[in-house]
Amino acid sequence: MPLARRATALAAAAFLLPAAGAAQQAFEGIAVFKSTMEGKSFETTYYSKGGRSRQDIAVGGVQSISITDIPAGKGYTLIPSQKKYLVMDYKELGETAKEMSKTMGGKHDPAAATPFKLTPTGHKETIAGYSCEHYLLQIKDGEPIDFCVAKGLGNYLFGGSGGGQAGRAAASGYLSEHPEFRQMAVMFKDGFFPLKMTVVKNGKTVMVQEATRVERKSVPDEVFAIPAGYSQIKIPSIPGLTGKRP
């Protein structure tokens, strides 16, 4: 998906902000986002605590859950309707990518594949009770994505497909030295939490995601655990997939 590819660099940067020395810790609490895309709306419930995040999404009556565990270097995708789950080992995937690159005689540099520029617009607004500032994210030749970022809530931990790519890239050991990411660590030393994202294509707004509720509170560890009774989806042909529970 083009949107996912364009958002990868920002997700990777947010993934690496704590490791890059950002003063603010990860956000702990719950946030609810409303997304509108192609005339349809859906909600995402986001949980975050201590380097772990979870996103619950229901689209067209189908629920999906993604969990990202940064300290463990793993991501989990849950399919509640089937009581199944898939595990991705980002560290193993990063090592596999480097080995494949060596075999092919090339240099594996994920950062070089997604150069980006983040520019403040000077526009500010209040969303879900918090002040945020708008930034335009420009990746390669794509149209810029508008993010309204709150700096005092802590760091947002990206999950899902974007977070997965970020996890693989970060685990491979290259992105922490990329100049754009070092710059972001300075720009957002007080935290990076996007309260609103607007995607425009050919002059037309194609997606808007906006926080409707943000609540700082203690989140139980059980929220980030795979429920009892779930079984692993095994795909042995893909490196980096394991069957260990969080």
Side-chain angles (χ1 to χ4, degrees), residues 4 7 10-19 22 24-37 41-59 61-90 127-130 132 147-168 170 188 190-197 208-230 232 244-246:
L10 182 67
F15 186 99
L16 286 162
L17 279 176
Q24 188 79 332
Q25 298 297 313
F27 166 81
E28 180 172 357
I30 300 172
V32 178
F33 295 87
K34 179 181 179 181
S35 299
T36 302
M37 183 168 51
S41 297
F42 60 92
E43 277 194 346
T44 301
T45 303
Y46 169 82
Y47 305 84
S48 178
K49 178 183 182 179
R52 294 172 295 173
S53 68
R54 167 174 164 163
Q55 293 188 33
D56 293 21
I57 305 174
V59 181
V62 179
Q63 183 186 19
S64 66
I65 299 172
S66 63
I67 299 172
T68 300
D69 188 331
I70 292 178
K74 290 183 173 62
Y76 307 87
T77 300
L78 282 64
I79 309 173
S81 62
Q82 300 178 21
K83 289 192 173 181
K84 294 183 180 296
Y85 70 96
L86 178 68
V87 185
M88 297 190 73
D89 188 320
Y90 299 143
I127 297 175
Y130 293 93
C132 60
F147 286 88
C148 197
V149 181
K151 296 183 179 180
L153 281 171
N155 287 317
Y156 181 99
L157 304 178
F158 283 79
S161 60
Q165 294 178 59
R168 294 197 298 275
F188 300 102
D190 295 322
F192 181 99
F193 198 100
L195 295 173
K196 185 177 182 180
M197 175 179 72
V208 176
Q209 178 176 286
E210 182 172 346
T212 58
R213 178 168 66 94
V214 178
E215 185 177 358
R216 280 173 153 171
K217 61 183 296 184
S218 178
V219 180
D221 291 335
E222 291 76 14
V223 168
F224 308 100
I226 296 174
Y230 275 58
Q232 177 211 354
K244 295 181 181 180
R245 290 173 176 269

Residues which pass side chain to side chain donor-acceptor pair (under 3.5 Å) with Thr212, listed by chain and number, not counting sequence neighbours: none
Separation of Leu157 CG from Tyr47 OH (nearest 0.5 Å): 15.5 Å
For the OG atom of Ser53 and the CG atom of Asn155, what is their distance to the nearest 0.5 Å? 12.0 Å
Look at the side chain of Arg52 and the backbone N and O of Ile67, then say whether any donor-acceptor pair between them is shorter than 3.5 Å. no
What's the shortest heavy-atom distance between Leu195 and Ala150, and which atoms? CD1-CB, 3.8 Å
Heavy-atom closest pair (Pro194 atom, Tyr156 atom, distance to 0.1 Å) is CD-CB, 3.6 Å
Shortest non-hydrogen contact from Leu153 to Arg216? CA-NH2, 3.2 Å
How far apart are the C-alpha atoms of Asp221 and Lys49, what are their side-chain angles, what is the distance that settles it, and do they pass the side chain to side chain contact (heavy atoms under 4.5 Å, CB included) test? CA-CA 8 Å; Asp221 291 335; Lys49 178 183 182 179; 3.0 Å; yes
Closest heavy-atom pair, Val214 versus Ala128, reported as atoms and distance to 0.1 Å, is CG2-CB, 4.1 Å
Please report the shortest heavy-atom distance between Pro227 and Leu78, naming the atom on each side. CD-CD2, 3.6 Å
Just so I know, are the side chains of Thr77 and Tyr85 near enough to count as touching, which here means a heavy-atom distance under 4.5 Å? no
Shortest non-hydrogen separation from Gly50 to Pro71 and the atoms involved: O-CG, 4.0 Å
Non-neighbouring partners of Phe27 that pass ring-ring contact (aromatic ring centres under 6.0 Å, His included), sequence neighbours left out: Phe193
Could you list the residues that satisfy side chain to side chain donor-acceptor pair (under 3.5 Å) with Ser218, not counting sequence neighbours? none
Using the side-chain contact (heavy atoms from CB on, under 4.5 Å) criterion, which residues pair with Glu222? Sequence neighbours excluded. Pro220
If you round to the nearest 0.5 Å, how far is CD of Glu28 from OG of Ser48? 7.5 Å
Pair Asp89 + Lys74: basic N to acidic O under 4.0 Å: yes
Could you tell me which residues satisfy side chain to side chain donor-acceptor pair (under 3.5 Å) with Thr45, sequence neighbours excluded, listed by chain and number? none
Inter-residue atom distance Ser66.OG - Leu86.CG, 0.5 Å rounding: 11.5 Å
Residues which pass side chain to side chain donor-acceptor pair (under 3.5 Å) with Lys196, listed by chain and number, not counting sequence neighbours: none
May I ask you to check whether Phe224 and Tyr76 place their ring centres under 6.0 Å from each other? no
Can you find a heavy atom in the side chain of Cys132 that is under 4.5 Å from one in the side chain of Val149? no
Excluding sequence neighbours, so at least two apart, what forms side-chain contact (heavy atoms from CB on, under 4.5 Å) with Ser41? Lys34, Thr36
Lys83: what forms a side-chain contact (heavy atoms from CB on, under 4.5 Å) with it, not counting sequence neighbours? Tyr230
Report the C-alpha separation of Val208 and Met197 in whole Å, then their side-chain angles, then the decisive distance to 0.1 Å, and conclude whether the side chain to side chain contact (heavy atoms under 4.5 Å, CB included) test is met. CA-CA 6 Å; Val208 176; Met197 175 179 72; over 6 Å; no
Start with the C-alpha gap between Tyr46 and Ile30, add the side-chain angles, then the distance that decides, and say whether side chain to side chain contact (heavy atoms under 4.5 Å, CB included) holds. CA-CA 6 Å; Tyr46 169 82; Ile30 300 172; over 6 Å; no
Return the set of residues passing side-chain contact (heavy atoms from CB on, under 4.5 Å) with Phe42 (not counting sequence neighbours), or none when no residue passes. Ser35, Met37, Thr44, Ile57, Val59
